[in-house]
Amino acid sequence: MRTSPFHATLRRQWAADLTTAQLYAFLRLRSEVFVIEQSSIYRDLDGRDLEPGTRHFWLEVDGEPEPLAYLRLVEEPDGTFRIGRVVTGRAARGRGYSRRLVEAALSEVGRVDCVLDAQTYIADFYGSFGFVTEGDEFIEDGIPHLRMRRSR
Ligand SMILES: CC(C)(COP(=O)(O)OP(=O)(O)OC[C@H]1O[C@@H](n2cnc3c(N)ncnc32)[C@H](O)[C@@H]1OP(=O)(O)O)[C@@H](O)C(=O)NCCC(=O)NCCS
């Protein structure tokens, strides 16, 4: 599929299959956006990126080492899935990349509940996939969030 102006290829990898360069590129994008752009000091390296059940999804331009957009899908101890670290590089926003990644992740989730902690400003985006708010808004790392669940 061509998403103008770049041809972006969807990639998906189990944690165990990641190369060092891939992992570095994800962490770099996450750091640039969540820590620097959003001025938030938080524990990005939470130990979950390399769990056996974790899948990483990203979009890249063929041959380019830097991902355009990224998210991860982790398995929670109660059997549900969790989508997190949804991010698109500043220059690549507004082209439907995050939508494409969430669709890809949910196609693996199938008929299992999936949760996420949405930054409040983008909650309607997740709502369009069937995620529903659970509870009140909370502040995490200085940023307003809503817990959301897609029940199956
Ligand atoms: C939020 C973010 C991931 C969206 O990525 P993107 O690739 O530009 O998103 P898409 O082009 O796929 O758009 C997805 C939807 O989000 C909406 N959206 C995007 N940016 C938005 C904004 N700043 N405010 C409100 N809605 C927004 C779009 O309207 C779009 O809706 P549509 O598909 O119905 O048109 C990106 O802006 C980003 O990385 N932001 C900083 C990090 C962040 O906040 N991550 C989310 C953590 S929960």
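No hydrogens, no waters, no symmetry mates; every other heavy atom, side chains included, goes into these values. Numbers for residues simply follow the sequence, beginning at 1. One-based numbering, in listed order, for ligands and for the atoms of each. Owing to the predicted nature of the structure, the values given are computational and were not obtained by experimental measurement.
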Give the contacting part of Val33 toward ligand 1: side chain, backbone, both or neither, where contact means a heavy-atom distance below 4.0 Å.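 Side chain only.
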
Heavy atom under 4.0 Å from ligand 1: found in Tyr70's side chain, backbone, both, or neither?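 It is neither part, as no heavy atom is under 4.0 Å.
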
In Å and rounded to the nearest 0.5 Å, what is the CZ to CG distance from Phe26 to Asp44?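 It comes to 12.5 Å.
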
Please round to the nearest 0.5 Å and tell me the distance separating atom OH of Tyr70 and atom CG of Leu29.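 Taking OH in Tyr70 and CG in Leu29, the distance rounds to 9.0 Å.
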
Taking everything shown except Tyr24 itself, do over 12 heavy atoms lie less than 6.0 Å from its OH?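 Atom OH in Tyr24 is not crowded, with 12 or fewer foreign heavy atoms closer than 6.0 Å.
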
Is it the case that more than 12 heavy atoms not belonging to Ile139 sit under 6.0 Å from its CD1 atom?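 Result for CD1/Ile139: enclosed.
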
Considering non-hydrogen atoms of the protein only, which is the closest contact for [atom], and what is the distance?
atom                    : result
atom 4 (C) of ligand 1  : Ser98 OG, 3.6 Å
atom 15 (C) of ligand 1 : Phe125 CD1, 3.3 Å
atom 11 (O) of ligand 1 : Gly96 N, 2.8 Å
atom 46 (C) of ligand 1 : Val86 O, 3.4 Å
atom 37 (O) of ligand 1 : Arg93 CD, 3.2 Å
atom 7 (O) of ligand 1  : Thr88 OG1, 2.8 Å

Over all heavy atoms of both residues, which pair between Ser98 and Val86 is shortest? Give the atoms and the distance, please.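 Heavy-atom minimum between the residues: OG-CG1, 3.9 Å.
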
Write down the atom of Ala104, the atom of Leu10, and the distance for their closest heavy-atom approach.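 In this case the closest contact between Ala104 and Leu10 is CB-CD2, 3.8 Å.
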
Please could you name the atoms of ligand 1 that [X] approaches to less than 4.0 Å, counting only its heavy atoms?
X     : value
Arg95 : 11 (O)
Arg99 : 12 (O), 32 (P), 33 (O), 34 (O)
Gln38 : 41 (C), 42 (C), 43 (C), 44 (O)

Taking only non-hydrogen atoms of Gly94, do any sit less than 4.0 angstrom from ligand 1?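 The answer is yes, since Gly94 has a heavy atom less than 4.0 Å from ligand 1.
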
Heavy atom of Ser128 under 4.0 Å from ligand 1?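 Checking ligand 1 against Ser128, which is what was asked, there is no heavy-atom contact under 4.0 Å.
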
Would you say the side chain of Glu37 lies within less than 4.5 Å of the side chain of Val87, judging by non-hydrogen atoms?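 With C-beta onward as the side chain, the pair stays apart.
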
Is there a nitrogen or oxygen of Tyr121 sitting under 3.5 Å from a nitrogen or oxygen of ligand 1?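 For ligand 1, there is an N or O atom that lies under 3.5 Å from one belonging to Tyr121.
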
Return yes or no for this condition: an N or O of Ile122 is under 3.5 Å from an N or O of ligand 1.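 No, Ile122 has no N/O under 3.5 Å of an N/O on ligand 1.
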
Picking from Arg55, Arg82, Arg48, what satisfies salt bridge (Lys or Arg N to Asp or Glu O under 4.0 Å) with Glu75?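 Among Arg55, Arg82, Arg48, the one meeting salt bridge (Lys or Arg N to Asp or Glu O under 4.0 Å) with Glu75 is Arg55.
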
Is a donor on one side and an acceptor on the other found under 3.5 Å between the side chain of Arg93 and the backbone of Ala91?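 No, the answer is negative, given that no donor and acceptor are paired below the 3.5 Å cut-off.
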
Contact bool for [atom] (protein heavy atom, d < 4.0 Å):
atom                    : result
atom 29 (O) of ligand 1 : no
atom 35 (O) of ligand 1 : no
atom 13 (O) of ligand 1 : no

Show which side-chain atoms of residues 113-132 pair as donor or acceptor with protein atoms under 3.5 Å away, not counting sequence neighbours.
unit_1	atom_1	unit_2	atom_2	d
Asp113	OD1	Arg152	N	2.8
Asp113	OD2	Arg149	NH1	3.1
Asp117	OD1	Arg147	NE	2.7
Asp117	OD1	Arg147	NH2	3.3
Asp117	OD2	Arg147	NH2	3.0
Gln119	OE1	Gln38	NE2	3.1
Gln119	NE2	Gln38	OE1	2.9
Thr120	OG1	Glu137	OE2	2.8
Thr120	OG1	Pro144	O	3.3
Thr120	OG1	His145	N	3.4
Ser128	OG	Arg99	NH1	3.4
Ser128	OG	Arg99	NH2	3.0
Ser128	OG	Phe125	O	2.5

Going through the distances and angles, do Glu66 and Arg28 end up as a side-chain contact (heavy atoms from CB on, under 4.5 Å)? CA-CA 9 Å; Glu66 304 297 332; Arg28 184 172 174 176; 3.7 Å; yes

